[in-house]
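All remarks here apply to the structure that follows.
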Amino acid sequence: MSSTVQRTTGTDETLYRPGRWLALAVLVLAVLLVAVDATVLGLATPFLSEDLKPSGTQLLWIGDVYSFIIAGLLVSMGSLGDRIGRKKLLLFGAVAFGAVSVLNAYATSPEMMILARALLGVAGATLMPSTLALIRNIFHDPKERSLAIGIWGAMASAGAAVGPVVGGFLLEHFWWGSVFLINLPVMAVLVLVGVKLLPESKNPVAGPWDLNSVVLSLIGMVGVVYAVKEAATHGASGEAAGAAMIGLGALYGFVRRQLTLPAPLLDMRLFRHRGFSGAVLADLLTILGLSGLVFFLSQFLQLVQGREPFEAGLAELPAAIGAVATGLAAGTVARRFSVRSVVAGGLAAVGLALAALTLVSQSTGYPLLGAALLVVGVGAGFSFTVTADVILSSVPKEQAGAASAVSETAYELGAALGIAVLGSIVTGVYRGFATPAGVPAGTASAAHESLGGAVEAAATLPQQRGADLLAAAQESFTDGLRLASGVGAAVLLATAAAAWFLLRGQRLEEGLEHP
């Protein structure tokens with residue numbers, strides 16, 4: 001870990017870089033961009049389903065292929081930023097992200113949409129590790145860095161709020177592709193201002209970028225996540241087992257290679273630090289418990305409870321408000337009490353909120369939903385901010401890119417697994433609903449693919465028969481959502497208990513470090 005010294009009265013400009021808060025404002029634009037992109041997809045799903053007519057499996061791929069690819073490339077991209085420069089990689093990725101957003105907006109088939117989302121994952125993998133690594137290198141005062149990380153996390157939560165509201169407005173006035181085009185003005189500001197304000201930083205002794213490690217990381221991550229997705233959706237199969245074996249074999253090869261390279265993409269010795277490992281595990285399991293639920297909650301609000309997209313976006317605001325408020329205060333609270341109490345308490349709060357959602361029904365009033373979402377936001381804001389701070393402060397700043405990438409990989413891998421596992425629970429329960437008498441076989445088959453398909457199929461039937469079909473589909477979807485909420489709650493409560501033990505004795509830094 002980098003050495004620390006006490007604050008002196010003669011503040012050095014290298015310690016307190018002029019313009020560091022303006023530089024932070026540019027970095028959080030990238031965070032805002034990625035968060036908005038993730039949340040608007042959930043709102044756009046019903047419209048996208050109606051236009052592109054994806055199957056249930058294709059719809060899941062559209063939802064999670066971004067996370068698959070980004071999880072496979074984050075470590076590689078974080079390490080690349082350490083080598084070529086984090087500012088350079090961030091600006092290049094921002095331009096690519098904007099360009100690929102256009103391809104997403106004008107996709108004309110499910111296959112094209114899946115490809116566009118995959119390419120967006122490649123571009124997105126360059127953004128998040130670069131932002132956290134630059135924060136690590138811009139802010140040398142640990143208390144300032146905690147606040148900066150809190151602002152970083154708060155903007156991610158703000159993006160989660162802005163995405164549904166802005167996306168809902170766009171969906172009510174334009175076609176679904178417009179939700180991706182909102183990325184373009186943000187990208188333009190980020191690039192034009194970032195060129196002037198962001199300082200460049202990299203590891204001066206990083207060594208060469210090992211392409212074999214890049215390939216092993218990508219194959220390993222994608223193989224494992226794909227296997228989990230297939231097993232959760234279709235049960236055990238030769239295809240799932242084959243993908244798992246390939247993925248695990250590639251990850252084993254990746255780890256072995258990192259231990260032998262003089263300049264590895266990822267220093268595996270970082271995981272010997274109990275605080276680092278505990279924080280990474282907490283992030284992964286927390287997102288796993290949350291993401292599948294969040295992916296389907298927008299569909300519940302719109303297609304089960306009949307809310308308009310803009311109203312559904314506003315309904316999800318409490319989660320973002322809670323996360324913003326607690327994210328800004330998390331560092332201070334963790335220093336006053338302890339890291340493990342803040343992280344474990346936050347995770348337990350999220351778990352209890354998810355447990356409350358096992359009580360939802362089509363007629364559930366907003367007070368229960370709003371209160372549960374607020375508690376989810378409060379708990380997540382505390383947990384994610386403090387774990388990000390622990391991960392960054394556990395490593396020398398020269399390795400900030402690789403450490404940030406591990407943090408983001410846990411986040412994205414958890415998101416992919418959450419959508420795969422919890423989303424597949426929802427889908428599996430949903431597809432089991434009994435078709436009302438008199439519904440043609442072709443119409444029934446389309447209705448069982450997805451809830452969006454059921455809405456469209458019901459519209460082609462006589463009024464009463466269509467209403468019966470839609471009611472059966474909505475009830476089955478809600479049953480799946482309740483079961484997924486229960487599984488998510490169990491995961492979060494178990495993670496809270498694990499964090500309490502793994503983060504024992506962990507503290508946030510206090511002293512001022514040398515640049």
Side-chain angles (χ1 to χ4, degrees), residues 1 4 31 132 135-136 139 141-158 160 273-290 318-356 371-395 403-404 406-408 410-411 414 488-511:
M1 186 178 299
T4 59
V31 178
L132 264 180
I135 288 174
R136 176 72 171 86
F139 293 92
D141 183 332
K143 291 184 178 179
E144 280 195 352
R145 186 167 63 241
S146 292
L147 178 58
I149 292 172
I151 294 171
W152 178 88
M155 287 303 292
S157 303
H273 190 291
R274 181 165 46 83
F276 182 90
S277 297
V280 170
L281 181 64
D283 280 356
L284 188 150
L285 293 179
T286 302
I287 289 297
L288 189 154
L290 281 174
I321 292 171
V324 168
T326 54
L328 293 174
T332 300
V333 175
R335 284 183 170 86
R336 180 171 182 179
F337 298 99
S338 70
V339 165
R340 76 170 183 171
S341 62
V342 172
V343 174
L347 297 179
V350 177
L352 292 174
L354 294 184
L373 287 168
L374 179 63
V375 174
V376 165
V378 168
F382 275 130
S383 176
F384 287 139
T385 304
V386 174
T387 53
D389 203 336
V390 168
I391 289 169
L392 280 185
S393 61
S394 297
V395 303
S404 302
V406 171
S407 173
E408 292 302 319
Y411 186 99
V491 170
L492 264 296
L493 293 173
T495 305
W500 179 259
F501 291 102
L502 289 173
L503 297 177
R504 184 180 68 253
Q506 183 69 40
R507 295 184 179 277
L508 299 184
E509 288 182 302
E510 295 284 351

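Because only heavy atoms are used, hydrogens play no part in the values below, and waters and symmetry mates are left out as well, while side chains stay in.
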Review item, side-chain donor-acceptor pairs of residues 489-502, under 3.5 Å, at least two apart:
from: Thr495; atom 1: OG1; to: Val491; atom 2: O; distance (Å): 2.7

Less than 4.5 Å apart, any side-chain heavy atom of Val350 and any of Val375?
no
Under 3.5 Å, sequence neighbours excluded: what are the donor-acceptor pairs made by side chains of residues 321-334?
from: Thr326; atom 1: OG1; to: Gly322; atom 2: O; distance (Å): 2.9
from: Thr326; atom 1: OG1; to: Val378; atom 2: O; distance (Å): 3.2

With sequence neighbours excluded, residues passing side-chain contact (heavy atoms from CB on, under 4.5 Å) with Ile391
Phe276, Ala279, Val280, Asp283, Ala403, Ser407
Across all chains, not counting sequence neighbours, the side chain to side chain donor-acceptor pair (under 3.5 Å) partners of Ser277 are none
Would the distance check show the side chain of Ser383 and the main-chain N or O of Ala380 forming a donor-acceptor pair, the cut-off being under 3.5 Å?
no
Nearest heavy-atom neighbours spanning Ala353 and Val376:
CB-CG2, 3.6 Å
Would you please name every residue forming a side-chain contact (heavy atoms from CB on, under 4.5 Å) with Ala148, sequence neighbours left out?
Trp21, Leu24, Ile135, Phe139
Short question: side chain of Thr385, backbone of Phe382 - any donor-acceptor pair under 3.5 Å?
no
